[in-house]
Amino acid sequence: MRVTEIRGLIGLAALLLACLAFPSHAQVEPLKLDASLGILERNFVGRLQAYHDKAGLLTHAQVASPDYQSRFETLPGAFNGGYARGAWWVRFRIEASPEQVERPVESGWWLRLNAPYVDYLDVWWPDAEGGFTHRELGGMRAGSRREMPWSIPATRLPELHDTEPRWVWVRLAGDRSLSLAGGVSPLRELAGVQQEFNFADAAIVGMALLIAVVSLMMGIALPDRRFVAYAGYLVTLGLLFASSEGMPATLWLHDHPLAAVRLHNFSVCLHTAAAFAFARVLLDMDRQFPRMSRVFQLMAFLCLAGCGIAIAGGYGFIARPLNMLWVVFAACIVPMCALVLRRNVQAWPGMVGYAIYFMMGAVHFAKNLQWLPYNRATQYSYAIASILHIMAFFFALGWRVRQRERRALTLSLRHRARLAQRVNERTRDLRQEITEHHRTHDQLALALREQRGLLAMVSHEFRTPLGTIGGAAQILSDDRLGLAREEVRKEAEKISRTVYRMRDLVDTLLADEWLDASSNNLHLAPLELAVFLREKIAEHNEGAAGGRISLQLDAHALPVLADETLMHIAMDNLLTNAIKYAPAHSPVRVRAGIRRCRSDDFPEGDAIPGVCIQVCDEGPGFMPQDLTHVFERFYRAAGVRRIPGIGLGLHMVHRIATVHGGSVVASNGAREGAVLTLTLPLLGSAEPAEGRGGRRVATPAPEGCG
């Protein structure tokens with residue numbers, strides 16, 4: 001008896017050990033179709049059983065038979081089949097609550113199947129007639145044929161009239177990662193979940209594209225290739241996220257599922273290539289990690305080649321290596337960022353971005369490789385990483401621009417100070433050079449004008465007297481003419497007059513040179529111009545004028561402070577000029593008085609008293625084009641060049657008036673003739689030019705000599 005009991009206990013223990021050694025095939029808790037439960041209480045977690053059909057040839061009738069009941073294994077969480085050949089079968093039970101049987105929810109219950117990368121998704125459930133209802137979903141099925149053409153695959157469950165549990169089978173197959181999550185929801189709840197997914201997807205894609213545009217514009221404006229590379233990286237990221245969440249299939253490719261699936265496969269390869277290329281540019285691998293730069297460049301080219309394979313339909317052959325490449329990439333890039341951070345502490349925002357994205361990206365791809373379980377954290381790790389790393393990288397690039405601006409600003413301020421110093425020095429030198437250049441230019445221009453005038457004067461004034469002297473001398477020396485004494489006397493007088501004329505020309509030239517020397521050494525003394533004018537006019541009337549000059553005084557006293565010698569020269573030239581150019585025996589009128597004269601050195605409205613002397617003749621006057629040049633040295637008007645003269649008389653008058661602080665103005669009379677107005681400051685009202693800084697007094701228009 002004891003032996004039998006011992007054997008029985010041993011057999012029971014062996015049975016218990018066998019039960020622990022083999023997978024559990026116990027019945028799972030069914031999904032309750034109960035509106036009072038929360039959405040998390042109606043999901044698949046802990047309620048799924050899965051079986052792997054390696055050949056992918058089993059039918060629903062076969063897996064639903066009793067022979068396969070024990071082959072299904074209970075899953076602790078959501079389903080994650082990874083990249084598997086063949087097909088996966090997943091089953092779960094649904095059960096209506098008594099309240100649901102009595103009062104069914106509006107629009108019924110819907111099966112929510114979150115399987116974003118599954119190409120072929122088939123669902124069976126028992127119908128009321130004892131058969132099975134079949135629905136075809138998945139990425140390779142046209143969205144227009146679904147009950148709800150949303151990005152979340154969903155199908156409506158039959159209305160249950162009792163509380164008996166019923167099995168639902170799901171078959172998953174394809175070249176991409178096979179995963180399944182979800183649950184059961186009323187239609188309103190299902191629409192809310194879909195709306196939340198759409199909002200999140202659009203926000204992430206929109207943010208990626210918006211920052212891509214901003215980065216591209218900044219990259220072009222700065223220019224900085226890092227911003228351009230980041231813009232390309234974000235465009236591929238937006239394409240990848242949109243295709244992963246089924247946005248192209250939902251919006252544009254309803255009836256072209258093959259194109260939508262291959263677009264997603266292509267975007268995975270393209271984004272991987274962009275990630276390698278962006279890492280090379282951001283970390284400046286050509287300079288800091290030359291060997292790794294070549295490796296990353298090779299990986300980028302391989303991923304670009306993978307884009308062609310994905311478009312051709314061979315993504316199933318490269319899916320696992322591509323995911324492995326991402327994990328290796330994450331394992332390499334973070335230590336490289338740490339090395340860059342040790343060399344340059346300003347690189348910390350870039351390291352934060354890579355640490356966030358590639359650590360969480362590695363979690364996502366490790367989930368695809370079935371290294372990690374499929375749960376909410378691993379399911380949404382890629383979306384969370386996308387948002388965080390977009391902001392981190394943009395901050396890193398902005399931080400880099402800020403640091404570059406600070407360095408550029410410091411350097412600019414340093415160069416600005418140096419440049420300002422050099423500019424000031426060079427400006428000072430240039431001003432001196434310009435001043436010297438202007439002075440030299442003015443002197444040269446004046447010298448050239450005077451030289452031209454002197455040459456014209458010499459060629460005209462000296463050639464004629466010399467010709468006269470030569471002709472007269474030749475006549476006197478010719479014995480054949482037999483000249484009488486009276487004829488010899490006439491020729492000798494002609495020679496004397498000509499010599500006198502030449503002597504007068506030479507004296508005038510010497511007087512001009514003497515005036516240049518004496519203008520800086522004036523001998524000023526009070527001078528009564530009324531008495532001075534009477535004596536000077538009487539002197540000329542007794543000589544060449546022959547009594548033609550008349551004087552009109554508008555005041556009894558005309559006191560000025562002047563150099564008497566220079567005033568003799570000025571009045572001699574004024575009177576001689578009038579006698580020379582006026583017709584013979586025509587009168588010459590001189591008028592003198594006191595006028596109120598405007599001054600450039602006084603405010604508007606002020607005026608100073610001055611002595612004005614006007615000399616008027618009845619000659620041809622001045623041509624309009626000559627009025628601005630009559631006081632220039634050696635200048636002679638074209639119409640009077642036949643009259644002897646060298647163009648220095650009025651020039652000397654102008655010089656004498658200027659050094660005395662006065663002025664001289666040339667104009668034409670009211671009827672005919674020339675009018676020359678000499679203005680000198682009245683004694684006690686002003687000082688000569690040397691005492692006043694060369695101030696010139698501008699006279700009013702002549703009032704006439706009548």
Side-chain angles (χ1 to χ4, degrees), residues 504 508 511 526-560 562-597 609-623 626-627 630-631 637 639-640 643-645 648-654 656-657 660 662-683 697 699-706:
D504 186 57
T508 303
L527 179 63
E528 177 55 54
L529 279 183
V531 178
F532 175 80
L533 289 174
R534 290 191 187 98
E535 295 176 353
K536 180 57 62 177
I537 291 173
E539 177 184 337
H540 279 267
N541 280 332
E542 292 175 359
R548 298 161 54 192
I549 306 175
S550 63
L551 174 64
Q552 178 185 345
L553 295 175
D554 296 338
H556 297 289
L558 302 173
V560 296
D563 188 317
E564 186 174 355
T565 303
L566 296 181
M567 292 305 300
H568 277 285
I569 296 174
M571 288 308 302
D572 285 340
N573 280 285
L574 287 174
L575 296 174
T576 302
N577 185 79
I579 294 171
K580 182 190 300 185
Y581 294 105
H585 309 295
S586 63
V588 175
R589 294 180 294 277
V590 178
R591 182 178 180 180
I594 299 176
R595 303 286 189 271
R596 303 293 294 183
C597 305
V611 176
C612 296
I613 303 171
Q614 287 184 330
V615 180
C616 307
D617 60 55
E618 295 182 359
F622 299 103
M623 298 296 291
D626 296 329
L627 285 174
V630 295
F631 298 109
V640 297
I643 302 175
L648 281 176
L650 293 183
H651 170 72
M652 288 191 290
V653 175
H654 178 267
I656 293 170
H660 282 83
S663 65
V664 60
V665 177
S667 61
N668 293 315
R671 294 185 296 273
E672 60 181 1
V675 178
L676 291 169
T677 304
L678 173 64
T679 304
L680 298 173
L682 189 66
L683 180 64
V697 179
T699 63
E703 299 177 1
C705 300

Participant: Keeping the roles fixed (side chain from H556, backbone from A530), state whether a donor-acceptor pair exists under 3.5 Å.
Facilitator: no
Participant: Between atom CD1 of I549 and atom NE2 of H540, what is the distance when rounded to the nearest 0.5 Å?
Facilitator: 6.5 Å
Participant: If you look at every heavy atom in P583 and G619, which pair is closest and at what distance?
Facilitator: CD-CA, 3.8 Å
Participant: Identify the two heavy atoms, one from I594 and one from A557, that lie closest to each other, and give their separation to 0.1 Å.
Facilitator: CD1-O, 4.0 Å
Participant: Do V560 and M567 touch side chain to side chain, with heavy atoms closer than 4.5 Å?
Facilitator: no
Participant: Would the distance check show the side chain of N573 and the main-chain N or O of I569 forming a donor-acceptor pair, the cut-off being under 3.5 Å?
Facilitator: yes
Participant: Are any of the side-chain heavy atoms of V531 and E535 separated by less than 4.5 Å?
Facilitator: yes
Participant: Taking all non-hydrogen atoms of both residues, which atom of S550 and which atom of I537 are closest, and how far apart?
Facilitator: O-CD1, 4.5 Å
Participant: Using side-chain heavy atoms (C-beta onward) and a distance below 4.5 Å, is P559 in contact with E528?
Facilitator: yes
Participant: Find the distance between CZ (R591) and CG (L533) and round it off to the nearest 0.5 Å.
Facilitator: 14.0 Å
Participant: Of the non-hydrogen atoms in D617 and A578, which two are nearest, and what is the gap between them?
Facilitator: OD2-CA, 3.7 Å
Participant: Strictly below 4.0 Å, N to O, side chains only: are R589 and E618 in salt-bridge contact?
Facilitator: yes
Participant: With a 4.5 Å heavy-atom cut-off, do I656 and L678 have their side chains touching?
Facilitator: no
Participant: Less than 4.5 Å apart, side chain to side chain, heavy atoms only: is that true for V653 and N577?
Facilitator: no
Participant: Enter the distance from L566:CG to L527:CG here, rounded to the nearest 0.5 Å.
Facilitator: 11.0 Å
Participant: Treating R548 as the side-chain partner and S586 as the backbone partner, does any N or O pair qualify as donor plus acceptor under 3.5 Å?
Facilitator: yes
Participant: Let me confirm one number: the CD-CE distance from E539 to M571, rounded to the nearest 0.5 Å.
Facilitator: 11.0 Å
Participant: As an exercise, state the distance from CD1 of I613 to OG1 of T679, rounded to the nearest 0.5 Å.
Facilitator: 8.5 Å
Participant: Find out whether L553 and R534 are in side-chain contact, i.e. whether some heavy atom of one side chain is under 4.5 Å from a heavy atom of the other.
Facilitator: yes
Participant: Please report the interatomic distance CZ(F622) to CG(L676), rounded to the nearest 0.5 Å.
Facilitator: 4.5 Å
